[in-house]
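Just below is one structure, and these are the notes that go with it.
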Amino acid sequence: MNEDAGAGDERVDAASDGSDAGVRGGGRAPEESFARLGNELRFSILEVLHDRLTVGDRSDYTVPYSELREAVGEEDSGRFGYHLDRLLGEFVEKRPGGYAIRYPGKEIVRTVYSGAVDERTEAVSRPVDADCYLCGDPVRVAYADGYVSACCTSCEGALAFDFTPEGALSSLPVPAGAVGDAVETAPLDLLDRVHGWFSHRARSFGDGICPRCGGTVVSEIRACPAHDAEGGPCDECGTALPATVEVTCRVCSESGIVPGGCAVSHRYPFRTALADAGVDRLGYDAFAVAMGWPSVPTERDGDPAVAYDLPTESAPVVVDGDLDIHVGG
Ligand SMILES: [Zn+2]
Ligand SMILES: [Zn+2]
Ligand SMILES: [Zn+2]
């Protein structure tokens, strides 16, 4: 529900203990990498090289020196050469015909383009034609602090943290560039889009593949020790779900707390239950259906697991900490 680790408790930076710091930056200190970017001209160079990318024809990636200098509009060739030089190796590579952007350079430009570093905006939509998965009343779409939420217009919702809006049914990190003015102009489209995106990412995590970098993922079931969500989100865990799955990439530290049903909704028998509910593509409905499957914490071989009561199965379906599925327990 909240990929920064929010469905369970506070937002957590999985890298904060520094335990995996050694794997980053290809052996180069991160401070050094960032220092290399600390200049507007250097970003302009990356931008020009990035905008030359076309899928399929690698020869087009290469921009000759003089053309690159002209495109960024730097007349002082000494200054241009100095800054280009600082990007070489890590962000830009020199080729026979000129210069081309490398993967870390592309990531920098795309991060800026997606608006993840823009100023935060806040907005709440009118009620849209989508139902709360708890009470059936319409939802609104809210954007605050970089998170999109579906919010019920009448019940208490499924999440109650200090950073979630009233009636929150989800809390999904989305860069400002991908939200734009959609809260006001196309809230239903935004609702579908971000919940669809979340569901795809949850499935990738569910398959043990980091949706951000392709690295390997560790997963763990988190069961609430004193769950009570009768009158709204549980005071103990802050959610309506008695158990969630914590996933963390071993490589880039991308992490999140996802509903188990969302992480395995493409695998049997969850996919059958999703299809049976009339869901054929991933959007808000797919998320809402998965959130509506009743679940209880259980154990399997002594380890925490979650048992689902799917409308298409007569026996419980157990999902274990490795996200393996066991029909009939
Ligand atoms: Zn509701
Ligand atoms: Zn709880
Ligand atoms: Zn990763």
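Each ligand, and each atom within it, is numbered from 1 in the order the structure gives.
Distances under 2.8 Å from the Zn ion (ligand 3) pick out the protein N/O/S atoms C210 SG, C213 SG, C249 SG, C252 SG. Ordered by chain and number, C224 SG, H227 ND1, C234 SG, C237 SG make up the set of protein N, O or S atoms under 2.8 Å of the Zn ion (ligand 2).
Relative orientation of the F287 and F198 rings is perpendicular, given thresholds of 30° and 60° on the angle between their planes. Between Y308 and F270, the ring planes lie perpendicular to each other; the angle is over 60°, past the 30° to 60° tilted range.
For the pair SG of C132 and SG of C155, the angle whose vertex sits at the Zn ion (ligand 1) is 110° to 10 degrees. Geometry note: the Zn ion (ligand 1) is the vertex, C135 SG and C152 SG are the arms, and the angle is 100° (rounded to 10 degrees).
With respect to the salt-bridge test (charged N to carboxylate O, under 4.0 angstrom), the residues R95 and E93 qualify. A salt bridge links D189 to R193: at least one charged side-chain nitrogen sits closer than 4.0 Å to a carboxylate oxygen. Salt bridge status for E47 with R52: absent, with no side-chain N to carboxylate O gap under 4.0 Å.
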- Begin with the C-alpha distance, continue with both residues' side-chain angles, and end with the deciding distance and a verdict on side chain to side chain contact (heavy atoms under 4.5 Å, CB included) for D309 and W293. CA-CA 6 Å; D309 177 13; W293 290 324; over 6 Å; no
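Between the side chains of Y133 and D285, not a single donor N or O lies within less than 3.5 Å of an accepting N or O.
One finds the CZ atom of R79 at 12.0 Å from the CZ atom of R69 (value rounded to the nearest 0.5 Å).
Partner Y99 forms a side chain to side chain contact (heavy atoms under 4.5 Å, CB included) with one of V63, T62, L68 and no other, that one being L68.
Taking the ring axis of W197 as reference, the NZ or CZ atom of R201 stays within 45° of it and closer than 6.0 Å to the ring centre.
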